[in-house]
2 protein chains.
Amino acid sequence: MPKKVDHAERRRLIADALMRVAAEQGLEAVSLRHVAAAADVSAGMVQHYFRTKDEMMTFALSVVQERSRRRVEAAMARLGDDPAPRDLLRAMVVALLPLDEPSREDGRVALAFLAYTAVRPQTALRSETQQMVGFIESLLPGGKSGDAAALLALMEGLGLYLLGGQYTPEQALAALDAQLDRLFSA
Amino acid sequence: MPKKVDHAERRRLIADALMRVAAEQGLEAVSLRHVAAAADVSAGMVQHYFRTKDEMMTFALSVVQERSRRRVEAAMARLGDDPAPRDLLRAMVVALLPLDEPSREDGRVALAFLAYTAVRPQTALRSETQQMVGFIESLLPGGKSGDAAALLALMEGLGLYLLGGQYTPEQALAALDAQLDRLFSA
DNA sequence: GCCTTGACATTGCAGTTGTATTGGAAAACG
DNA sequence: CGTTTTCCAATACAACTGCAATGTCAAGGC
């Protein structure tokens, strides 16, 4: 056997470069050569680790999803044991919002992939949305049906407006807290 | 002067073709030749009415915005004079949600442009978001700050999940009504 | 010491892209 | 009638795209 290299690591390296390109110039600018240049490797190497561009895109998409999943887990773990439901929900939503520059970058990439998959049903992003709705529902008092789905959608919308610059972080957080107030007051 | 043609109408015709292409295959598939083929005209004609692709894109973007604005106006006008604030708000949000197939198409195009403009600050989509927030605020009772922004963000998020297929129209409407209940109950 | 195998790099190719250019046709105006 | 001005078509072109093919090189197993 020849040189041993960490296959998975190389793929992540390339996917990182892809996400950098996508965050700055959109998915339309993602080409084998651009990604290779951003990763400072040859185009041949990219082809070596991804036999097709589609394979590369799909992998990058999974990296994006994985990263946001970890963000949420970390935020929730940071709360310690047995946190109050409201704190748990707030931490979860805040972890998913593009509030600082790194997560804004991720957000732009995620938005690009959202539009990308919207016209490519086969590249479906397996969504954990339904489980999230169930999880949120178990944390909400009262439990009017629709409240959980609304909170999740609120998060998504706040993310969009944060990315677009229509809402400031303060506005977004105020909106979130207003909603949590309503959900936990009565 | 030579043949007189309705300049604006031709441009709308081309923009419509562009939106069809974008709705089916995404903005990446939007090229002069594809759009021309979809409009069943020659590529030269497209170039005649839009000197550059960017000009065509910008115009199409404005058409999308204009169309959704009209949708809202029509829905609100349909309510007659002096409607209840809750009904007004509900009609407005429902008009913006991609609930049937035509508006789903528009939604896909809008989503594509959202990702498109996210990495092209100069092609900023002038947002009427702040005015909308103000308008909603004037209709809400109590008027906790943040409630209006939250409702608007909720709408956006519901739209995304409807497009993605994560929420059914029934789920989305249930979430909306649950929120309106909360806003108008206390 | 071969020699296989995996890790790259380079090059070529057919197709598509946006744009510039050219040319013709036809309609209003003098 | 002739000229001009707009409408549109066709073509040319350089740059780019994804992908396949080919080459080089080194690290192991036998």
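Chain naming here is simple, since letters A, B, ... match the order of the sequence lines and numbering starts at 1 in each. Values reported hereafter were calculated over all heavy atoms of this structure, with side chains retained and with hydrogens, waters and symmetry mates removed. All values reported here derive from a predicted model rather than from experimental measurement.
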Hey, does the side chain of [X] come within less than 4.0 Å of [N]'s phosphate (OP1/OP2), counting only N and O?
X	N	value
A:Thr52	D:dG18	no
B:Arg10	D:dC8	yes
A:His48	C:dA7	yes

Which ones in residues 15-40 of chain B lie close to DNA chain C, meaning a heavy atom under 4.0 Å from one of its atoms?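 Residues of residues 15-40 of chain B that come under 4.0 Å of DNA chain C are, in numerical order, B:Val30, B:Ser31, B:Leu32, B:Arg33, B:His34.
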Which one, D:dA9, D:dC7, D:dC19, comes nearest to the side chain of B:Tyr49?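 Ranking D:dA9, D:dC7, D:dC19 by closest atom to the B:Tyr49 side chain puts D:dC7 first.
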Could you label the plane-to-plane angle of the B:Tyr49 and B:His7 rings as parallel, tilted or perpendicular, counting under 30° as parallel and over 60° as perpendicular?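 Answer is tilted, since the angle falls between 30° and 60°.
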Interatomic distance where [atom1] belongs to [X] and [atom2] belongs to [N] [whole Å]:
X	N	atom1	atom2	result
B:Asp54	C:dT19	CG	C1'	13 Å
A:Met56	D:dC19	CE	C1'	12 Å
B:His7	D:dC7	NE2	P	7 Å
A:Leu13	C:dC8	CG	P	11 Å
A:Met45	D:dG23	CE	C1'	18 Å
B:Lys53	C:dT17	NZ	P	9 Å
B:Phe50	C:dT19	CZ	P	13 Å
B:Arg51	C:dG18	CZ	C1'	15 Å

To the closest 0.5 Å, what do you measure between CD (B:Gln130) and OH (A:Tyr167)?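 Going from the CD atom of B:Gln130 to the OH atom of A:Tyr167 covers 7.0 Å.
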Just by modelled atom types, is the [Y] backbone N or O under 3.5 Å from a matching donor or acceptor in the [X] side chain?
X	Y	result
A:Arg90	A:Leu180	no
A:Thr117	A:Arg120	no
A:Arg108	A:Leu163	no

Can you confirm whether A:Asp40 is buried at CG, in the sense that more than 12 heavy atoms of other residues, nucleotides or ligands lie under 6.0 Å from that atom?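 At most 12 heavy atoms, drawn from other residues, nucleotides or ligands, come within 6.0 Å of this atom.
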Here's a test for you: under side chain to side chain contact (heavy atoms under 4.5 Å, CB included), which of A:Leu61, A:Val64, A:Val35, A:Ile14 qualifies with A:Met19?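 Exactly one option meets the side chain to side chain contact (heavy atoms under 4.5 Å, CB included) with A:Met19, and it is A:Val64.
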